[in-house]
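For reference, the structure discussed in these notes is given below.
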Amino acid sequence: QVQLVESGGGSVQVGGSLRLSCTASGDTHRGNCMGWFRQAPGKEREGVAFINTQASTRYADSVKGRVTISRDNAKNTLYLQMNSLKAEDTAMYYCAAPKTWTTCWIMMSSGKKYDDKYWGQGTQVTVSS
């Protein structure tokens, strides 16, 4: 069993920065890849950024160049550094880890599947102009 706890969300102005953290308890290495999804009101949950145990990353096109995902294995913590935030980045951000081994390519496109992952409770990011 894996438990995920996110923190670091908040309200910022356009162009600002935030760093989200996700602290995990349990074995997240078994799933290989973990990362972040987000869901805005009225929209589907979408993949944002993912990293595997080899530190290989994958980003959604909408955040490339503005977002960096990293993983501190010693602390069992995942980070999402978000810079140059835009109003369209406003969403609830969820940390997720798969229940079975998977690739980050598959994770990125699996926002509609909930039962095959462990999820955090979410942290709200609001970007205003």
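Along the sequence shown, residues carry numbers from 1. Below, each value reflects all heavy atoms present in this structure, side chains not excepted, and no hydrogens, waters or symmetry copies.
Applying the ring pair (Phe, Tyr, Trp, His ring centres under 6.0 Å) rule to W119 yields the partners F37, Y114; only residues at least two apart in sequence or on another chain are considered. For K43, the side chain to side chain contact (heavy atoms under 4.5 Å, CB included) criterion is met by A40, not counting sequence neighbours.
Within the 4.5 Å cutoff, side-chain heavy atoms of W36 are placed close to those of I69. No side-chain heavy atom of K112 sits under 4.5 Å from any side-chain heavy atom of R45. Within the 4.5 Å cutoff, the side chain of P98 has heavy atoms near those of the M107 side chain. In this structure the side chain of S7 never reaches within 4.5 angstrom of the side chain of L20, judged on heavy atoms. In this structure, K99 and Y118 have side chains that are in contact, with non-hydrogen atoms separated by less than 4.5 Å.
Closest approach of L18 to L85, counting heavy atoms only: N-CD1, 3.9 Å. In terms of heavy-atom proximity, S84 sits nearest to S17 at N-OG, 4.4 Å. Summarising the geometry of C104 relative to S56, their closest heavy-atom pair is SG-O, 4.4 Å, with the distance given to 0.1 Å. Closest of all the heavy-atom pairs between R71 and I51 is NH1-O, 3.3 Å. Looking at every heavy atom in both residues, A49 comes nearest to L80 through CB-CD1, 3.8 Å. The heavy-atom pair separating T77 from S21 by the smallest distance is CG2-CB, 4.4 Å.
Side-chain N/O atoms of T28 and N76 include a donor and acceptor closer than 3.5 Å. Between the side chains of K86 and S62, not a single donor N or O lies within less than 3.5 Å of an accepting N or O. Inspection of the T53 and N32 side chains reveals an N or O donor paired with an N or O acceptor under 3.5 Å.
By the 6.0 Å contact criterion, CD on E88 is enclosed, its count of non-hydrogen atoms from other residues, nucleotides or ligands being greater than 12. Heavy atoms from other residues, nucleotides or ligands lying under 6.0 Å from CD of Q124 number more than 12. Within 6.0 Å of the CD atom in Q121, the count of heavy atoms belonging to other residues, nucleotides or ligands exceeds 12.
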Could you walk me through whether C95 and M34 pass the side-chain contact (heavy atoms from CB on, under 4.5 Å) check? CA-CA 8 Å; C95 177; M34 63 184 299; 4.0 Å; yes
Let me see the working for K113 and D116 under salt bridge (Lys or Arg N to Asp or Glu O under 4.0 Å), right down to the final yes or no. CA-CA 6 Å; K113 296 182 179 181; D116 61 350; 5.2 Å; no
Step-by-step side-chain contact (heavy atoms from CB on, under 4.5 Å) determination, V63 to M82: CA-CA 8 Å; V63 302; M82 302 190 293; over 6 Å; no
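Judged by a 6.0 Å distance limit and a 45° cone about the ring axis, R19 is positioned over the six-membered ring of Y79.
When atom types are taken as modelled, the side chain of R58 and the backbone of F50 share no donor-acceptor pair closer than 3.5 angstrom. Without hydrogens or angle criteria, S110 side chain to M108 main chain gives no donor-acceptor distance under 3.5 Å. Side chain of K117 to backbone of G111: no donor-acceptor contact under 3.5 angstrom is found.
Residues Y94 and V48 do not share a hydrophobic cluster, clusters being chains of Ile/Leu/Val/Met/Phe/Trp/Tyr side chains in contact below 4.5 Å. A continuous path of ILVMFWY side-chain contacts below 4.5 Å connects V14 to V67, so both sit in one hydrophobic cluster.
Looking at R38, E6, Q39 one by one, the single match for side-chain hydrogen bond (donor to acceptor under 3.5 Å, both in side chains) with Y93 turns out to be R38.
To the nearest 0.5 Å, atoms CG (N83) and OG1 (T68) are separated by 6.5 Å. Note that the OG1 atom of T126 and the CE atom of M92 stand 8.5 Å from one another [nearest 0.5 Å]. One finds the SG atom of C33 at 9.0 Å from the CH2 atom of W101 (value rounded to the nearest 0.5 Å).
Using a 4.5 Å cut-off between side-chain heavy atoms of Ile, Leu, Val, Met, Phe, Trp and Tyr, W105 falls into a hydrophobic cluster with I106.
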